[in-house]
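Positions are given from 1 along the sequence. Only a predicted model underlies this, so the values are computations on that prediction, with no experimental measurement involved.
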Amino acid sequence: MIREATEGDIPGIARVFIAARTTCLAFLNWEYDQDVMCDVFGRQMAQHHFLVDEVDGEILGFAAYTSDELEHLYVDPCRHGQGIGTRLFNQVAQRIGADFEFWVFQANAARGFYEHLGCKMLYETDGADNMEKCPDARYRYSA
């Protein structure tokens with residue numbers, strides 16, 4: 001079930017984020033602390049809309065977005081291939097109701113997922129301007 005996230009969801013959101021980043025984006029070579037990530041997402045909830053896909057209280061994935069930007073879309077790696085990411089993406093697209101853009105690391109296998117959903121790459125960068133200093137790509141989705 002997809003629903004608006006609440007502050008009570010922050011630990012589950014942080015858990016999914018850490019699992020996905022550690023497993024699927026290992027090339028970033030970062031360590032993530034649950035308490036720190038809870039603090040980060042707690043602050044972000046004041047500035048972004050958050051959706052979670054959950055079953056029986058377990059958060060399977062989440063998305064965060066603004067009026068024109070997808071900020072986060074992460075699914076628990078144990079749940080990949082079950083349509084969770086597609087459901088979250090479609091909900092974001094429906095709620096934004098217009099074209100929106102987002103960043104994806106160039107080495108992220110999720111690029112194929114986004115392209116399958118009809119997203120178009122606009123350009124790539126060397127990553128000098130992102131926090132991770134990792135090459136990334138700018139994408140656009142047009143409704």
With distance as the sole test, does Asp39 use its side chain to make a donor-acceptor pair with the main-chain N or O of Arg43 at under 3.5 Å? no
How far apart are the closest heavy atoms of Ile96 and Ser67, and which atoms are they? CG2-O, 3.2 Å
Heavy atoms, side chains only, cut-off 4.5 Å: are Glu132 and Phe105 in contact? yes
Separation between CG of Leu25 and CH2 of Trp30, rounded to the nearest 0.5 Å: 11.5 Å
Identify the two heavy atoms, one from Asp99 and one from Ala143, that lie closest to each other, and give their separation to 0.1 Å. OD1-N, 3.3 Å
I'd like to know if Arg3 pairs up with Asp53 as an ion pair, taking the criterion as any Lys NZ or Arg NE/NH1/NH2 lying under 4.0 Å from an Asp or Glu carboxylate oxygen. no
Derivation and outcome, side-chain contact (heavy atoms from CB on, under 4.5 Å), residues Arg87 and Ile84: CA-CA 5 Å; Arg87 287 194 302 270; Ile84 297 163; 3.2 Å; yes
Salt bridge between Arg140 and Glu69, side-chain N to carboxylate O under 4.0 Å? no
May I ask you to decide if Asp126's main-chain N or O and Gln106's side chain share a donor-acceptor pair within less than 3.5 Å? no
How is the hydrophobic cluster of Trp103 composed, in terms of its other members, when Ile, Leu, Val, Met, Phe, Trp and Tyr link through side-chain heavy atoms under 4.5 Å apart, directly or indirectly? Leu122, Tyr123
If you look at every heavy atom in Ala93 and Tyr141, which pair is closest and at what distance? CB-CE2, 3.7 Å
Measuring from Leu28:CG to Thr22:OG1, what's the distance to the nearest 0.5 Å? 9.5 Å
Nearest atoms (heavy-atom pairs only) where Tyr139 meets Cys119: CD2-CB, 4.0 Å
Is any side-chain N of the basic residue among Lys120 and Glu101 closer than 4.0 Å to the acidic one's carboxylate O? no
N/O donor-acceptor pair under 3.5 Å between Asp9 side chain and Thr6 backbone: yes
Between Asp136 and Val104, is there a side-chain heavy-atom distance shorter than 4.5 Å? no
Side chain to side chain donor-acceptor pair (under 3.5 Å) filter on Asn108, not counting sequence neighbours, yields none
Does CD in Glu115 sit with more than 12 non-hydrogen atoms of other residues, nucleotides or ligands closer than 6.0 Å? yes
Less than 6.0 angstrom separating the ring centers of Phe89 and Tyr65, yes or no? no
So, His48 side chain and Gln44 main chain: donor-acceptor pair closer than 3.5 Å or not? yes
Spacing of NE2 belonging to His72 relative to CD1 belonging to Ile13, to within rounding of 0.5 Å: 9.5 Å
Sub-4.5 Å side-chain heavy-atom contact between Arg95 and His49: no
Distance-minimising heavy-atom pair for Val16 and Asp76: CG1-N, 3.6 Å
Give the cluster check for Met45 versus Ile2: same hydrophobic cluster or not, with ILVMFWY residues linked at side-chain heavy-atom distances below 4.5 Å. no
Between Arg21 and Glu31, is the closest basic N to carboxylate O distance under 4.0 Å? no
Treating Ile, Leu, Val, Met, Phe, Trp and Tyr as nodes and any side-chain heavy-atom pair under 4.5 angstrom as an edge, say whether Ile59 and Met37 lie in one connected cluster. yes
For a quick test of reading the model, state the closest non-hydrogen atom pair linking Val52 to Ala5 and the distance between them. CG1-CB, 3.8 Å
Check whether the ring centres of Phe62 and Phe41 lie less than 6.0 Å apart, and answer yes or no. yes
My understanding is that only residues two or more places apart in sequence, or in another chain, count here; which of them pass salt bridge (Lys or Arg N to Asp or Glu O under 4.0 Å) with Glu71? none
Shared hydrophobic cluster for Tyr74 and Leu117 (ILVMFWY, side-chain gaps under 4.5 Å): no
May I ask whether Phe50 and Val75 are part of the same hydrophobic cluster, defined by side-chain heavy atoms of I, L, V, M, F, W, Y residues being less than 4.5 angstrom apart, directly or through others? no
If I take atom CZ from residue Phe102 and atom CG from residue Leu70, how far apart are they, to the nearest 0.5 angstrom? 6.0 Å
Any side-chain to backbone donor/acceptor pair from Gln34 onto Pro11? Under 3.5 Å, distance only. yes
Do Leu73 and Phe17 share a hydrophobic cluster, counting only Ile, Leu, Val, Met, Phe, Trp and Tyr and linking them when any side-chain heavy atoms are less than 4.5 Å apart? no
Run the numbers on His116 and Arg111 for side-chain contact (heavy atoms from CB on, under 4.5 Å), then give the verdict. CA-CA 9 Å; His116 177 75; Arg111 289 178 74 174; over 6 Å; no
